[in-house]
Amino acid sequence: MYLTKEEERILSGEEGEERKWAMETIVALGEVFGAERLVKISSSQVSGVSPKTIGKYGLKFLRRIRNAKVSVLTTLNPCGVDLKRKEEFPKDFVKEQEEILEIYKGMGILPSCTCTPYLVGNTPSFGEVISWAESSAVVFANSVLGARTNREGGPSALASAIIGKTPEYGLIIEEEREPQVLVKVKTDLNDEAEFGALGYSLGKLLKDEIPLIDLGNRRRMTLEEHKQLGAGIATSSEISIYHVKGQTPEALRKEMNPTEKIEIGEEEINQVFEEFSESENGPLVVGCPHMTLREAEEAKRFRGKVLAYASRCVASLVKESENFKIYGDTCMVVSPLREMGIEEVLTPSVKAAFYMRNLSGIRVSLIRKREALNEIQG
Amino acid sequence: MRFKAKPIFPGKVRGEVLYTEEPITFLGGVDPETGKITESGHELEGKSLRGKILVFPSAKGSTVGSYTIYGLKVHGNSPLAMICSKTNPVIAIGAVMAKIPLLEFKDIEKLKKAREVIIQEEWIEIVG
């Protein structure tokens, strides 16, 4: 890989150990993926914030590079705690969380604590090169915004943020974003949860092939539906971009003619709901990925116990009630839900269902939003 | 039998193979404190990676997986080495941080029946 004089200097350690580590990390990636050079990025999103996901070992690692400084706009994934009501969370957990956040803030990272940075102003436009972690945000940025990023791991996104560059490989390159498979959807999807299920099912089927999804003459997808579709695909595969015929920006700009073709219908969608059907009761847990204002306003109308999760920005604007609680800064996946007494839940998010079951051992049922509404109202 | 692969993080080890054709989620799918696969319904559910040469197609899911791979090492539960048919930034950087040899080898099914392999630089050799 070609490195400029300045990049060589950083690599040799002349600008300190932390920048050396960061440069080594992105150069290693570049070598692995055959990049020819590093290119500038306009922003980064860093994952690996909650003590629940990075553990003591992650904190130890962060302590080692704590003196590093980021050189581009960098936002942060959800942490494990609602910072406005720490008292509800286990004490030791909060303490560990505070140290992690202090380290990130010390590096110049904005403590946005959300998996939807694109909703709070870290919003790249078409063609912008970025280096993001957080799989659902990566898919959204590539597919819906037309920005360019690979699915970086937490540490590699951090390394890119420190240097302000990423190796030019994978989804940074236009040709690598072309779809390989045309997916004809043979059923009418009318619920956000079904879009999540479509994504999850597609990811399992395609593993790493990029889909061009044909929804027929259906109305335009909403932002919330895109959020679920992308989070679903990211959960079950390493696919980090999708296109929707006549809807997503790259599919609108050019002719796409994938060679393979598959069909997906009601049966595949229903299978996903069957895969996650272990609970009958429990609170309705919503906001994975973090809610938009529109979703939060809608979720307030649910009766029964609702636990909602959003960025601080959204959470601070939405009124709570006895049965509707909205947490900011954190989410159902990265907070210690089980330790807080929750053993079974219902959720319309397939990503949340997958991680609550596998990471937290919570009994989960994936439900359609309209089902939840009916069930709770009826 | 010997196959040429692409070393992502090279090393020399000999060990027993743990093989799967299902992608692995590191965060939530593997417990760094026990070394076991925990993803419900995964064909390796309940099996331990510790001391094995893990052969798998690719990694799916969370970008925090790099830290999980590092965590396996810190807890002494890491695989001896990993062979995957397609690498991505999450596992590549995880392997580099944890110093676990990682090779990319497109035709992993050729290792399906192998019990034991030796990895050295870019070579994978079936020895049992």
Side-chain angles (χ1 to χ4, degrees), chain A residues 24-26 28-29 31-33 45-50 53-58 60-62 77 131-138 150-157 159 166-167 169-170 203-204 207-208 233-240 275 278 333-334 351 354-361, chain B residues 6-10 21-34 36-42 45 56-78 84-99 102-104 106:
Chain A
E24 277 172 356
T25 300
I26 59 175
L29 270 187
E31 302 278 346
V32 166
F33 295 101
Q45 162 79 8
V46 170
S47 71
V49 185
S50 168
T53 61
I54 66 168
K56 298 245 188 307
Y57 44 90
K60 229 168 151 181
F61 165 78
L62 290 174
N77 243 21
S131 179
W132 283 15
E134 173 46 42
S135 59
S136 72
V138 164
N150 289 298
R151 189 189 298 189
E152 296 298 340
S156 59
T166 189
Y169 75 101
K204 276 193 162 179
K207 293 192 175 79
D208 62 359
I233 287 185
T235 299
S236 61
S237 74
E238 61 168 322
I239 301 166
S240 299
E275 189 179 325
E278 297 155 352
V333 174
V334 301
K351 175 178 178 174
F354 180 90
Y355 287 103
M356 280 192 285
R357 177 164 83 186
N358 289 305
L359 190 61
S360 315
Chain B
K6 178 179 166 188
I8 307 298
F9 186 78
E21 282 172 17
E22 291 180 18
I24 290 181
T25 302
F26 281 91
L27 177 73
V30 179
D31 182 353
E33 290 183 19
T34 63
K36 284 187 179 159
I37 302 250
T38 52
E39 182 183 339
S40 149
H42 196 282
E45 186 181 355
F56 64 111
S58 60
K60 58 179 172 164
S62 171
T63 59
V64 181
S66 309
Y67 286 108
T68 312
I69 294 171
Y70 180 64
L72 281 165
K73 181 70 171 225
V74 171
H75 285 285
N77 293 322
S78 67
C84 63
S85 50
K86 194 177 180 226
T87 187
N88 69 22
V90 176
I91 38 177
I93 293 306
V96 171
M97 280 169 77
K99 301 192 165 56
L102 170 66
L103 275 75
E104 187 176 77
K106 208 164 178 285

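Treat the numbers as computed from the prediction; the structure is a model and nothing was measured. Residue numbers start from 1 in every chain, and the chains themselves are labelled A, B, ... in the order their sequence lines are given, proteins ahead of strands.
Residue contact with chain B, scored on non-hydrogen atoms closer than 4.5 Å, involves the backbone of Ala234(A) exclusively. Of the atoms belonging to Lys351(A), not a single heavy atom falls under 4.5 Å from chain B. The contact between Thr235(A) and chain B is made entirely by backbone atoms, counting heavy-atom distances below 4.5 Å. For Pro32(B), the part lying under 4.5 angstrom from a heavy atom of chain A is the side chain only. No part of Lys73(B) comes within reach of chain A, as not one of its non-hydrogen atoms sits under 4.5 angstrom from that chain. Contacts of Thr53(A) with chain B are made by both backbone and side-chain atoms, with heavy-atom separations under 4.5 Å. Interface residue Arg151(A): backbone and side-chain heavy atoms are both found under 4.5 Å from chain B. Using a 4.5 Å cut-off between heavy atoms, Ile26(A) makes no contact with chain B at all.
Of the listed residues Ser240(A), Ser47(A), Pro155(A), the one with more heavy-atom pairs under 4.5 angstrom with chain B than any other is Pro155(A). Ranked by non-hydrogen atom pairs under 4.5 Å with chain A, the options Val74(B), Ile8(B), Thr38(B) are led by Ile8(B). The most heavy-atom pairs under 4.5 Å with chain B, out of Asn77(A), Asn150(A), Val49(A), Leu359(A), come from Leu359(A). Most heavy-atom pairs under 4.5 Å with chain B: of the set Gly361(A), Ser237(A), Ser360(A), this distinction falls to Ser237(A).
We find the CD-NZ distance between Glu33(B) and Lys56(A) to be 8.5 Å, quoted to the nearest 0.5 Å. Separating the CD atom in Glu278(A) from the OG atom in Ser40(B) is a distance of 6.0 Å, to the nearest 0.5 Å.
The environment of Lys106(B) atom NZ is sparse: at most 12 non-hydrogen atoms of other residues, nucleotides or ligands sit within 6.0 angstrom.
Here the shortest heavy-atom pairing between Glu21(B) and Lys207(A) reads O-CE, 4.4 Å. Nearest approach of Pro89(B) to Leu29(A), heavy atoms of both residues: CA-CD2, 3.8 Å.
Using a 4.5 Å heavy-atom threshold, the side chains of Thr87(B) and Val32(A) count as touching. Within the 4.5 Å cutoff, the side chain of Thr63(B) has no heavy atoms near those of the Trp132(A) side chain. Phe354(A) has its side chain out of reach of Ser62(B): every pair of non-hydrogen atoms, C-beta onward, lies at least 4.5 Å apart.
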Atom pairs and distances, donor-acceptor, side-chain atoms in residues 65-72 of chain B, under 3.5 Å, two or more places apart:
residue	atom	partner	partner atom	Å
Ser66(B)	OG	Val90(B)	O	2.9
Tyr70(B)	OH	Arg64(A)	NH1	3.4

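A search for side-chain hydrogen bond (donor to acceptor under 3.5 Å, both in side chains) contacts involving Glu24(A) returns Lys20(A), not counting sequence neighbours.
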Given Val96(B) and Thr25(A), is the side-chain contact (heavy atoms from CB on, under 4.5 Å) satisfied, shown in steps? CA-CA 8 Å; Val96(B) 171; Thr25(A) 300; over 6 Å; no
